[in-house]
Structures are given as C-alpha cells and as structure tokens.
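Scroll down for the structure; my scribbles are underneath it.
Everything numeric here is computed off the predicted structure, so don't read it as measured data.
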Amino acid sequence: EEAASKVKDYTVRKVKGETIVREGEIVTEEHAKTLKALGLLEERIDFGKTIGIIFLVLLALVALGIYLHEFRPDVFVSPRLILLLGIILISVILMGKVIASSPLLPSYLVPLAAVAMLTTILFGPKLGVVIVLVAGLLTGQVVGNDLQYLTVAIFSGLFAVYLVHR
C-alpha cells in the first residue's frame with residue numbers, strides 16, 4: 001500500500017481519431033500505457049464474426065451431410081466412415097491453423113491437395129470434390145479469409161482429384 005500511494009496518477013487526453021502510434025514506429029512505455037488505458041491491448045470477441053464463422057461451419061457440415069445422405073448412403077450410415085471423414089477434415093483444419101499461426105510459413109502449405117487425393121482414393125472422385133470444397137472453405141476461414149489462398153487451394157485440390165481419378 002505504501003508503494004502504491006507513492007505512484008502518481010497517469011492521465012492522458014486523447015481526441016477521437018487521434019493517432020497514438022503509427023505503423024513501424026517503436027512503441028514506447030508511454031504508448032503502451034495509453035493503449036492499455038484505452039483498452040486497446042485487450043483482445044475483444046467480435047460476436048458478429050463469431051456468429052458468421054459458426055454459420056459457415058454449420059452450413060458446410062449440413063451440405064456435406066445432405067450430400068452423403070442423398071448420394072453416398074453407404075458412407076452416411078457407417079459411423080466408421082463418418083469418423084474417418086471427420087478425422088480428415090479436422091486434421092487439415094488443425095494443420096491450417098498451425099501453419100497460419102506461424103509467421104514463417106505461407107498458408108499455401110496447408111495440404112488440401114493431399115486431402116483431396118486421400119479422399120478420392122478412399123471414397124471416389126465425387127466425394128473427393130465435395131471434401132475439397134468443404135475443406136477449402138473451412139481452411140480458408142482459418143487462414144484469414146484470403147481469397148487468393150481459397151482459389152489456389154480449391155483449384156489444386158480439384159486438380160489432385162482429377163489426377164488421382166485418371
């Protein structure tokens with residue numbers, strides 16, 4: 001308490017729209033105090049984005065479920081095959097998250113083409129294409145909504161399905 005009483009109050013007045021620190025500028029202790037006081041150093045949950053991601057995941061999984069029910073009932077009724085598809089999807093999404101979180105690795109290292117080849121070998125080309133589209137959308141979300149990544153990933157996955165099936 002004695003040490004706390006010796007600390008002076010820190011007051012800074014900022015006008016809305018005023019720049020606190022510029023890109024490339026070294027952040028000083030004063031900048032950090034100001035940012036902390038304004039609550040800009042704390043991560044906030046963007047509920048709109050979170051709801052959008054949940055909606056996208058549910059839409060992709062429901063579409064996959066409908067496809068399996070209508071066109072691949074043998075896979076739809078088999079818990080083992082559903083589990084295998086789930087493991088394939090979850091593993092590529094986790095790999096995408098690990099790769100995206102590393103500043104040294106480009107997002108193009110996400111092995112979507114390998115998922116396409118594996119799915120095509122195990123389940124056939126039609127389900128391979130569907131899995132490429134679903135995995136591409138989900139990994140695209142994980143790597144930061146990069147349209148260029150999404151385009152390259154889906155086309156490379158489709159090309160992999162074509163090559164394996166041929």
(request) Determine whether Val115 and Ile121 fall in the same hydrophobic cluster, where Ile, Leu, Val, Met, Phe, Trp and Tyr are linked whenever their side-chain heavy atoms lie under 4.5 Å apart. (result) no
(request) Using the side-chain contact (heavy atoms from CB on, under 4.5 Å) rule, pick out the option among Leu68, Asp74, Val75 that qualifies with Phe123. (result) Val75
(message) Test your reading of the model: is there a side-chain donor-acceptor pair from Ser156 to the backbone of Ala153, 3.5 Å cut-off?
(response) yes
(request) For Thr119 and Ala116, indicate whether the former's side chain and the latter's backbone hold a donor-acceptor pair under 3.5 Å. (result) no
(message) Does Phe155 have more than 12 heavy atoms from other residues, nucleotides or ligands lying within 6.0 Å of its CZ?
(response) no
(request) Nearest 0.5 Å please: distance from the CG atom of Leu85 over to the CG atom of Leu127. (result) 5.5 Å
(message) Nearest 0.5 Å, please: how far is OG in Ser102 from NZ in Lys97?
(response) 12.0 Å
(request) Please examine the side chains of Ile99 and Val143, heavy atoms only from C-beta on, and report whether any two atoms are closer than 4.5 Å. (result) no
(request) Quick one: pull up CZ in Phe71 and NZ in Lys126 and give me the separation to the nearest 0.5 Å. (result) 8.5 Å
(message) Within the structure provided, determine whether Gln141 and Leu56 are in side-chain contact (heavy-atom separation under 4.5 Å).
(response) yes
(message) Do Ile131 and Leu81 sit in one hydrophobic cluster, given that two such residues count as connected whenever their side-chain heavy atoms are within less than 4.5 Å of each other, even indirectly?
(response) yes
(request) Report yes if some heavy atom in the side chain of Ile90 is under 4.5 Å from a heavy atom in the side chain of Leu94; otherwise report no. (result) yes
(message) Quick one, Leu64 and Leu89 - any side-chain contact, counting heavy atoms below 4.5 Å?
(response) yes
(request) I would like to know whether Ile154 and Leu158 meet side chain to side chain contact (heavy atoms under 4.5 Å, CB included); could you show each step before the answer? (result) CA-CA 6 Å; Ile154 287 178; Leu158 293 175; 3.9 Å; yes
(request) Treating Ile, Leu, Val, Met, Phe, Trp and Tyr as nodes and any side-chain heavy-atom pair under 4.5 angstrom as an edge, say whether Leu84 and Val134 lie in one connected cluster. (result) yes
(message) Less than 3.5 Å apart, any donor N or O on the side chain of Thr139 or Tyr149 sitting next to an acceptor on the other?
(response) yes
(message) Could you see if Val152 belongs to whatever hydrophobic cluster contains Val92? Use Ile, Leu, Val, Met, Phe, Trp, Tyr and a side-chain cutoff under 4.5 Å.
(response) yes
(request) Would you give the length of the straight line joining atom CG of Leu112 to atom OG of Ser107, rounded to the nearest 0.5 angstrom? (result) 11.5 Å
(message) Using the rule that Ile, Leu, Val, Met, Phe, Trp and Tyr join whenever any side-chain heavy atoms are under 4.5 Å apart, tell me whether Leu138 and Leu109 fall into a single cluster.
(response) yes
(message) Measuring from atom CD1 of Ile82 to atom CZ of Arg72, what distance do you get when rounded to the nearest 0.5 angstrom?
(response) 10.5 Å
